[in-house]
Amino acid sequence: MFKANMCCRTALRILKPIYKFVAHDADELYEMVKEFDWTRVLSLDKTFSLDTVSNSDEFTHSRFVTYRVKDGIVDYFKDRFGPDKRPGVRLQDADVMINVHIAGDRVTLSLDSSGESLHKRGYRVAQTEAPINEVLAAGIILKSGWRGDGPLVDPMCGSGTFLIEAALIGAGIMPGIYRRRFAFESWPDFDGELFDSIYNDESGEKEFTHKIYGADISPKAVAIAEKNIKQAGVAKYIDLKVKPLSQWEEAPADGILITNPPYGERIGSDDMEGLYRMIGSKLKHVFTGYHAWIIGFREEYFNSIGLSPSVKESLLNGALECELREYIIFDGDYDSFRKSGRSLRNHDEEPRRDKKPRRLSDEEWKRDARKKGFGGKEAHSSRRRDFDSQRGAGKRSRLEESYAPKKGRFAERREKFEADENPLAKRRNEAALKSLTGKKPSLPPSADDVVMRSRKGWKKK
């Protein structure tokens with residue numbers, strides 16, 4: 001559970017079920033809650049909060065369910081310790097957070113081990129007007145298949161969320177490393193030594209030899225992105241600059257593009273359709289050979305791109321019902337592409353040898369599938385992994401040779417950019433920081449005490 005909170009990139013919270021039962025009405029719900037031994041997870045000096053999700057014909061009001069569960073917990077303590085003895089209820093920052101989930105007549109009570117939503121990584125120190133959720137950004141990157149095996153570009157990066165999440169994925173850095181607190185740290189059975197061993201485990205980290213390129217038309221947005229990148233400690237992986245989309249004339253070869261352009265809602269342009277036409281033009285003429293993933297809200301803007309998507313995925317970006325589309329940017333014209341026997345949905349497969357289409361019988365279809373290695377989910381996954389590894393191996397040496405910054409403006413900017421990078425992002429360890437910087441870290445004033453975690457192997461002074 002500790003590791004899930006530290007490592008899961010697309011989870012909002014990790015729940016630990018503690019009690020399951022069946023209840024047909026509110027009275028039965030109350031009585032069943034009272035039967036649980038709440039001293040296992042709560043004490044009189046602790047506070048608790050409740051979060052309820054109900055999908056039931058009987059329990060139609062989640063707030064009413066919350067009140068009945070709260071009454072059951074409070075009355076449990078009153079019956080055992082006295083009429084004025086009870087744990088406190090706190091809406092925010094409670095010591096113990098309890099999740100109530102009802103499906104029909106089945107009730108599950110769980111401890112929320114995360115506390116604050118896991119999308120709040122802890123590295124964001126500033127943001128633009130409409131930043132994308134960190135969990136959604138990580139999910140889109142993972143959906144694209146990118147794992148750090150080539151360059152990644154976001155030409156409209158805003159506050160830099162895609163850039164930072166990509167750097168964490170490419171370098172194998174746990175997204176929970178920046179969090180100041182998890183809810184399970186207040187539990188009575190919290191194992192601090194076990195958590196420290198997981199927190200300080202670097203075995204999953206890896207060498208990231210490619211680059212992530214970010215740009216935006218707004219100097220203010222780039223300044224905000226730069227602050228967040230430094231706070232996350234991933235500046236060495238990212239090239240960032242003020243650059244409008246219209247000025248993109250070249251891009252690193254064999255890359256992937258992921259971006260979240262304006263929707264015309266909170267952030268817009270004087271000519272939204274013109275902006276999306278420019279996106280389509282740049283994809284065709286600058287990002288040839290790319291797989292481009294773009295989030296959008298309005299169909300008419302997508303149509304202005306002028307390209308046929310290979311994938312369409314519905315998703316929620318905040319309260320907006322958006323769509324994620326993939327565009328495969330191939331060389332040459334579409335007719336030649338189709339004549340080669342390929343399509344947008346199987347762009348990377350070998351061209352078809354037989355030019356004459358023929359309908360297969362069910363048995364012929366099965367035999368053909370087995371012959372080509374599509375014998376089931378396992379065979380398909382293995383084939384996909386083999387393809388991904390070959391594709392990555394083919395790109396690595398060429399990109400390293402062509403795009404590693406050596407001299408010039410990138411190298412000079414890199415030196416300045418990393419110089420004032422947040423030292424806490426290296427690891428939250430005071431002894432380690434003393435050895436690295438020669439002085440104790442300077443932290444801004446905070447209402448809460450900041451605990452510097454000890455790391456085995458460092459001698460205390």
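Numbers here are sequence positions counted from 1.
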Stepwise, does the salt bridge (Lys or Arg N to Asp or Glu O under 4.0 Å) test hold for Glu207 with Lys236?
CA-CA 12 Å; Glu207 184 181 3; Lys236 62 183 178 180; over 6 Å; no
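- With hydrogens and angles left out, the side-chain atoms of Asp201 and Ser203 include a donor and acceptor closer than 3.5 Å.
- In terms of modelled atom types and a separation under 3.5 Å, the side chain of Arg80 and the main chain of Tyr76 share a donor-acceptor contact.
- With salt bridges taken as basic N to acidic carboxylate O contacts below 4.0 Å, none links Glu323 and Arg298.
- For the ring-ring contact (aromatic ring centres under 6.0 Å, His included) with Phe2, the qualifying choice from Trp187, Phe182, Phe190 is Phe190, the only one to do so.
- A salt bridge is absent between Glu165 and Arg124: the closest approach of a Lys/Arg side-chain nitrogen to an acidic carboxylate oxygen does not fall below 4.0 angstrom.
- Close placement of the Phe195 and Phe184 rings is indicated, their centers lying within 6.0 Å of each other.
- Residue Leu91 places its CG atom among 12 or fewer non-hydrogen atoms of other residues, nucleotides or ligands, all under 6.0 Å distant.
- Within 6.0 Å of CD1 in Ile198 there are more than 12 heavy atoms belonging to other residues, nucleotides or ligands.
- In this structure, Phe81 places its CZ atom where more than 12 heavy-atom neighbours from other residues, nucleotides or ligands lie under 6.0 Å away.
- Within a 6.0 Å radius of CD in Glu250, no more than 12 heavy atoms belonging to other residues, nucleotides or ligands are found.
- Taking the ring axis of Phe77 as reference, the NZ or CZ atom of Arg86 does not stay both within 45° of it and closer than 6.0 Å to the ring centre.
- Using a 4.0 Å cut-off between charged nitrogen and carboxylate oxygen, Lys143 and Glu326 do not count as a salt-bridge pair.
- Salt bridge absent: Asp75 and Lys34 never bring a charged side-chain N and a carboxylate O closer than 4.0 Å.
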